[in-house]
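Keep in mind that the numbers below use all heavy atoms, side chains included, and drop hydrogens, waters and symmetry copies.
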Amino acid sequence: MQTSFIITIVASMAVFGMGCSTSDETRPQMYEELVGGTDSKETSSAAMGACPQTSYLFPNIEQTTNYIRVTTPIPDLDEFTVCGLFKRFTNGYDFWVSYATMPGTSNNHNEYGIADSSDYIEISMNGYYLSESLKLTANTEYHICVTNFASDGRSNVYINGDMAVVVTTRSGTIDGAGSFIIGQDQDKIGGGFQSHQSFQGTLRNFMLWRRALEEEEIEEMYQNRCVCPQDYLFTLERENIEIFGGATAVWPAEC
Ligand SMILES: [Ca+2]
């Protein structure tokens with residue numbers, strides 16, 4: 001009975017989505033109830049533990065309206081790691097992550113970013129972006145982690161647990177207090193999106209840590225999406241984000 005109840009909820013969420021509308025408060029609440037608590041945050045630093053499961057669908061191609069904004073305050077970042085399970089539906093030029101800093105600091109809309117195309121991955125740090133060859137197939141889900149070292153501008157890209165490519169851009173601390181957006185490229189703080197840079201696909205378990213994760217930790221997360229190092233800065237749990245346009249939260253698979 002419980003299973004059928006969940007299926008009904010999932011079907012409803014799939015049909016109606018959980019988009020930007022603030023007119024229907026029941027959908028975020030429903031999602032939070034289904035996802036449950038986040039007691040895992042209380043465990044000690046760097047210990048592996050149960051990982052909060054999140055899952056989002058970006059269903060629309062070539063638009064500037066579907067995105068997620070992280071509401072967790074972003075501190076200055078020196079070493080940090082982002083990971084997630086990415087699948088895109090097309091071979092376009094897709095921005096997964098766009099972090100823009102506020103006017104009054106460096107006013108930099110390319111402070112940090114990750115984008116990909118069918119045959120390269122592009123990282124931006126400190127206003128400088130560079131791509132390196134990397135082939136990712138559409139409609140295939142990849143576990144992707146990027147460890148970043150602001151001291152020398154280096155980003156190590158791990159695909160399915162293995163180091164795949166190094167992208168070296170520009171050194172310098174990533175300024176905090178910026179705007180962290182998933183699914184669009186910011187050309188100004190919180191906006192300036194261009195449709196050809198939008199993300200269409202799915203994203204699961206995206207999160208950020210304020211350190212470079214060890215290769216062993218990344219490999220373990222690839223092997224088992226239900227565990228992760230507990231010292232993360234944020235996940236995409238509902239209380240940490242705002243969701244816009246047709247971007248939709250979907251019920252994550254159980255662990
Ligand atoms: Ca742009």
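Residues T147 and Y158 meet the side-chain proximity criterion, which asks for heavy atoms closer than 4.5 Å. With a 4.5 Å cut-off on side-chain heavy atoms, L134 and D116 do not count as touching. C255 is listed as a side-chain neighbour of R225, based on a closest heavy-atom distance under 4.5 Å. Two residues are said to be in side-chain contact when any heavy atoms from C-beta on lie closer than 4.5 Å; M207 and L236 fail this criterion. Side chains of I144 and W96 form a contact here, defined as non-hydrogen atoms less than 4.5 Å apart. Between L208 and Y232 the shortest side-chain heavy-atom distance does not fall below 4.5 Å. Taking the side chain as every heavy atom from C-beta outward, V70 and I181 never approach each other to under 4.5 Å. Counting heavy atoms from C-beta outward, E111 and D175 have side chains that approach closer than 4.5 Å.
Within the 3.5 Å criterion, the main-chain N or O of G49 finds a donor-acceptor partner in the side chain of Q230. Distance alone, capped at 3.5 Å, places no donor-acceptor pair between the N205 side chain and the G84 backbone. Side chain of R88 to main chain of G92: a donor-acceptor pair is present (N/O by atom type, distance under 3.5 Å, no hydrogens or angles). A donor-acceptor pair under 3.5 Å is formed between the side chain of Q53 and the backbone N or O of C51. Side chain of S124 to backbone of G113: a donor-acceptor contact under 3.5 angstrom is found. A donor-acceptor pair is defined here as one N or O able to donate and one able to accept, closer than 3.5 Å; such a pair exists between the side chain of E217 and the backbone of E214. Judged by distance alone, with hydrogens and angles left aside, the side-chain atoms of N126 form a donor-acceptor pair with the main-chain N or O of R170 at under 3.5 Å. Put simply, the side chain of D162 never gets that close to the backbone of A164: no donor and acceptor are under 3.5 Å apart. Here the side chain of N240 pairs no donor or acceptor atom with the backbone of T72 at under 3.5 angstrom.
Scanning both residues, N160 and E219, for their nearest heavy atoms gives O-OE1, 4.4 Å. In this structure, V165 and S133 approach most closely via the heavy-atom pair CG2-O, 4.2 Å. Annotation for I74 and G178: closest pair CG1-O, 4.4 Å, computed over non-hydrogen atoms. Closest heavy-atom contact between K135 and D119: NZ-CB, 3.5 Å. Listed here is the closest heavy atom pair of T81 and A212: OG1-CA, 3.3 Å. Contact between E132 and V166 at its shortest, heavy atoms only, is CG-O, 3.5 Å.
The line from OH of Y129 to CD1 of I123 is 14.0 Å long, rounded to the nearest 0.5 Å. Atom CZ of residue F206 and atom OG1 of residue T235 lie 10.5 Å apart, to the nearest 0.5 angstrom. Here CD of Q184 is found 6.0 Å from OG1 of T64. Values are rounded to the nearest 0.5 Å. Between atom CG of residue N60 and atom CG of residue N66 there is a gap of 4.5 Å, rounded to the nearest 0.5 Å. Interatomic distance, I174 CD1 to N108 CG, rounded to the nearest 0.5 Å: 8.0 Å. Remark: Y222 OH to H143 NE2 distance equals 9.5 Å, nearest 0.5 Å.
Cluster membership for L85 and V146, using ILVMFWY side-chain heavy atoms within less than 4.5 angstrom, is not shared. Hydrophobic clustering of Ile, Leu, Val, Met, Phe, Trp and Tyr side chains at less than 4.5 Å, counting indirect connections, unites L213 with V227. Under the 4.5 Å side-chain heavy-atom criterion for ILVMFWY residues, no single connected hydrophobic cluster contains both F149 and Y112.
Taken together, C83 and C145 meet the criterion of an SG-SG distance shorter than 2.5 Å.
When the shell of 6.0 Å around OH of Y142 is examined, it contains more than 12 heavy atoms from other residues, nucleotides or ligands. For CZ of F86, the number of neighbouring non-hydrogen atoms (other residues, nucleotides, ligands) closer than 6.0 Å is greater than 12.
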Exercise for review: Evaluate side chain to side chain contact (heavy atoms under 4.5 Å, CB included) for R210 paired with L77, printing each intermediate quantity in order.
Suggested key: CA-CA 7 Å; R210 291 184 70 186; L77 298 171; 4.0 Å; yes

Practice item. In sequence, state the C-alpha distance, the side-chain angles, and the governing distance for R69 and E242, and then conclude on side chain to side chain contact (heavy atoms under 4.5 Å, CB included). Key: CA-CA 5 Å; R69 189 176 80 82; E242 293 175 338; 3.1 Å; yes

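Taking the centre of each ring, F80 and W209 stay at or above the 6.0 Å mark. Two rings, from F180 and F234, have their centers less than 6.0 Å apart.
Using a cut-off of 4.0 Å between Lys/Arg side-chain N and Asp/Glu carboxylate O, E79 and R211 are scored as not salt-bridged.
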Enumerate donor-acceptor pairs with a distance under 3.5 Å from any side-chain N or O in residues 197-204 to protein atoms, sequence neighbours excluded.
residue, atom, partner, partner atom, Å
S198, OG, Q63, N, 3.4
S198, OG, Q63, O, 3.4
S198, OG, S195, O, 2.8
Q200, NE2, P59, O, 3.1
R204, NE, E141, OE2, 3.0
R204, NH2, E141, OE1, 2.7

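Side-chain contact annotation: N110 with Y128, donor-acceptor N/O pair under 3.5 Å absent. A side-chain donor-acceptor contact under 3.5 Å links S98 and Q186. Donor-acceptor pairing under 3.5 Å is recorded for the side chains of S155 and N148. Of the N and O atoms on the side chains of T173 and D78, at least one donor lies less than 3.5 Å from an acceptor on the other residue.
Other members of the hydrophobic cluster containing F95, listed by chain and number, are Y93, Y120; membership follows side-chain contacts under 4.5 Å among ILVMFWY residues, whether direct or relayed.
Residues meeting the salt bridge (Lys or Arg N to Asp or Glu O under 4.0 Å) test with D185, sequence neighbours left out: none.
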